[in-house]
> 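Next up is a structure, given as structure tokens.
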Amino acid sequence: MIRKFKVSQTSFHISCTFLHKKVSHFVQHHPKNQKGNEAVVFSNKCFYPDVYTCTKTIQSYVRNNRADDALKLFDEMPVRDVVTWNTMIKGCLDCGNVEVAFKLFDEMPERNVVSWTTMVSGLLMRGMMDVAECLFMEMPMKDEAAWNSMIHGYFINGKVEEAVRLFHKMPSRSVISWTSMISGLDQTGKSDEALFLFKHMLLCGVRPTSMTFSSVITACANVKNLHLGREIHGHVVKLGYFSDTYITAPLITFYAHCKDIDSCCKVFNEKAHDSVVVWTSLLSGYGLNCKHEHALEVFSDMFKANVLPNQSSFTSALNSCCELEALDRGKEINGAAVKLGLEADVFVGNSLIVLYTTCGNINDGLSVFKVIAEKNIVSWNSMIVGCAQHGYGTWALILFNQMIRYEVSPDDITFTGLLSACSRSGMLNKGRHIFNFLLNYKSVKVKLEHYACMVDILGRNGRLNEAVELVKNMPMEPNTSLWLALLSACKVHSNLKLAETAAEAIFNIDPNCSAAYTLLSNLYAFAGRWNDVSRIRGVMKNKGIMKEPGLSWVNFKGSRHEFLSGDRSHPMTTEIYEKLEWIREKLKGLGYVPDQMFALHDVEDEQKETSLLYHSERLAICFALICSVEGSTITVMKNLRVCGDCHSVIKLIAKIVEREIVVRDSSRFHHFKDGFCSCCDYW
DNA sequence: GTAGGGTTAG
């Protein structure tokens, strides 16, 4: 009887009768190796197949994450050669068992250049630069592969200069050395230099391989070099590399970066693809070009083509949902991720946090955050920024304390999130504490936006003099955003003198800053200085500076329903205005009197809307009340900040209809419930 | 026949 056991690419015909006679415990397991073939485990102490077969089995074990079985077989083998030792060392390094790899490397009777290179590469992959460098220095002989390993390792550890130095120092260079350099430079943000080196390589007469072209096309994408990219495209077609997924995917990405979506489709449609990477290239290509509906169509088509999306596909699709504010579709995709076992994936999770928090659903964002198995800095930052957007300052600080306990190092984005959380929650002392912590935290460089946040915190809390002192003493030049934070604070605390100084500083940087003109005009209006109001409006008119019209919208059943102030264009206008009238009566019953200041004096932040009653957000809320399920939370988006009167009215509406109303304005989220708003009237 | 070096989407 002949049974056929396939090991790696080779087929073995083993006589089972023969083996059964000599081996007491024969086949225990049949681990699948990468090729899907079967390997056989021999653990008998009397007989072992030849060294070659055992070595292949060790390799299969390692590829199936069964390092312990690999080590057991290795220990039991009566005879090993240098290849067996090297295979076992590589297996230990791949599984992260550096200690055992070192032990084997020390114990092995005879080392060759492969043993040394295996150790060096493995250590470099694990970021152990110093040890790898020492071993590389100690190598008794170095061939080209050894030099190439070290160059690649320097790049993956961000040591660009060292990689370049070694490349020039190495005795001879092959196309692999050149390709390592090109991809390494590209991946460390030096795509221009990568392309320069590619041209130099051609001048040196080195023939590129498909791998070289793959990296070169990616570099062309990163620098948006349409001319060179097209030229390379022509070459790869002539050379027959076109069906190579390592060529197709970067080509699609290249055309997407160059905003040539037609060419993306053309490349994609050349043949049927079963590569998830190629599909994801197209999906993200549409996203890059703001064609998010198309992106989501590609995501659906993947399933129809029996190509299962992976974490990258989900990340791109969820990003498109976020851009479309398509919460319902995002939830469906979340469900698909759960079905595919990607629920705890950090990349998918991070995208979901951003989606949920951006669409007003902070609690779902937090649920996703909790499920992520290995949270990274992006997870923590996304959650902290999400809390900041919703004004959940205390939560943001709790998360910060947790991340410190988990020994995750905060970065500049963490501190921007924390400071804006303090600002939006009115937490003056906590904000000061965080800012001082940042000033003394050596690992993060303090940026302009951190100062802008601190100016905002101080300004909102009426500490205008302190804010001015901070601006005077900061180590960099303030920008318009920072001055606008101060100007806004001047408006809240009616400090016209300082406002004029801030506005002047803004106009020196940006003479057409619409927001500054509007804020200043509103300040003059509050002070009753109508001549100055007219003067500012005159300047704006002469300069052709337009105020952005107030626009609110509701996403309902996959469509976006937009409303301008006093809008009557929506098909449900009659019902909306009836609802509005119903609310007006109810408000009257509660004794509500409109604050005419908001209507008469153009005091709304950026925009005067003709009548308080018909402000865009009120129309959007009425539409949402009519269309949504009774009792459910409704979410409304607005491009400008909610005006003070609308803010008071929405609090009452939430109480009247006994529902939570979430409003995302240009500043933050407001959660209205039971007559209160989560911003505590501080926004 | 087995071991070490370069490539794609996010």
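Bear in mind that the values here come from a model prediction, so they are computed numbers and not experimental data. For the numbers below, each heavy atom of this structure counts, side chains included, while hydrogens, waters and symmetry mates do not. Letters A, B, ... mirror the listed sequences (proteins, then strands); counts begin at 1.
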> Using atom CZ of A/Phe254 as one end and atom C1' of B/dA9 as the other, report the distance to the nearest whole Å.
16 Å
> With sequence neighbours excluded, what pairs up with A/Phe303 under the ring pair (Phe, Tyr, Trp, His ring centres under 6.0 Å) test?
A/Phe299
> Of all the nucleotides listed (B/dT8, B/dG6, B/dG4), which has the minimum atom distance to the side chain of A/Ala145?
B/dG4
> Charged N to carboxylate O below 4.0 Å: is that the case for A/Asp260 and A/Arg230?
yes
> Please confirm whether any donor atom in the side chain of A/Tyr52 sits under 3.5 Å from an acceptor in the base of B/dT2, or the reverse.
no
> Write down the distance between CG (A/Leu185) and C1' (B/dG6), rounded to a whole number of angstrom.
13 Å
> Any base atoms under 4.0 Å from A/Thr87, or only sugar-phosphate, or nothing? Heavy atoms, all strands.
sugar-phosphate
> Determine the contact category for A/Ser115: base if any of its heavy atoms lies under 4.0 Å from a base atom, sugar-phosphate if only primed atoms, P, OP1 or OP2 are that close, otherwise nothing.
nothing
> Hey, does A/Val175 reach any base, or is it just sugar-phosphate, or nothing, if we go heavy atoms under 4.0 Å?
base
> For the side chain of A/Thr209, starting at C-beta, report the closest nucleotide among B/dG6, B/dT2, B/dG10.
B/dG6
> Select one nucleotide: of B/dT7, B/dG10, B/dT8, the one nearest the side-chain heavy atoms of A/Ser316.
B/dG10
> What is the nucleic acid contact for A/Asn112, judged by heavy atoms within less than 4.0 Å: base, sugar-phosphate only, or nothing?
base
> Determine, stepwise, if the pair A/Thr414 / A/Asp411 fulfils side chain to side chain donor-acceptor pair (under 3.5 Å).
CA-CA 5 Å; A/Thr414 319; A/Asp411 63 9; 3.0 Å; yes
> What contact category does A/Thr245 fall into here, base, sugar-phosphate, or nothing, at under 4.0 angstrom with non-hydrogen atoms?
base
> Distance check: side-chain N/O of A/Ser284 vs OP1/OP2 of B/dG10, anything under 4.0 Å?
yes
> Is any side-chain N or O of A/Ser313 under 3.5 Å from a base N or O of B/dG10, one able to act as donor and the other as acceptor?
no
> Among B/dG5, B/dA9, B/dG10, which is the nearest nucleotide to the side chain of A/Ser281?
B/dA9
> If you check every side-chain atom of A/Met211, which of B/dG6, B/dG5, B/dT2 has the closest atom?
B/dG6
> Among B/dA9, B/dA3, B/dG6, which nucleotide sits nearest the side chain of A/Val82?
B/dA3
> B/dG4 C1' sits how many Å from A/Ile176 CD1, rounded?
11 Å
> Take atom CD1 of A/Ile58 and atom C1' of B/dA3, then tell me their distance rounded to the nearest Å.
11 Å
> Does A/Tyr356 have any ring pair (Phe, Tyr, Trp, His ring centres under 6.0 Å) partners at least two apart in sequence or in another chain, and if so, which?
none
> Among the nucleotides B/dT7, B/dG4, B/dG10, which one has an atom lying closest to any side-chain atom of A/Thr117?
B/dG4
> Categorize A/Ser180 for me: base, sugar-phosphate, or nothing, with a 4.0 angstrom heavy-atom threshold over every strand shown.
sugar-phosphate
> Among B/dG1, B/dT7, B/dG4, find the nucleotide with the atom closest to the side chain of A/Asp50.
B/dG1
> For a quick check, tell me whether the side chain of A/Ser149 and the base of B/dG5 share a donor-acceptor pair closer than 3.5 Å.
no
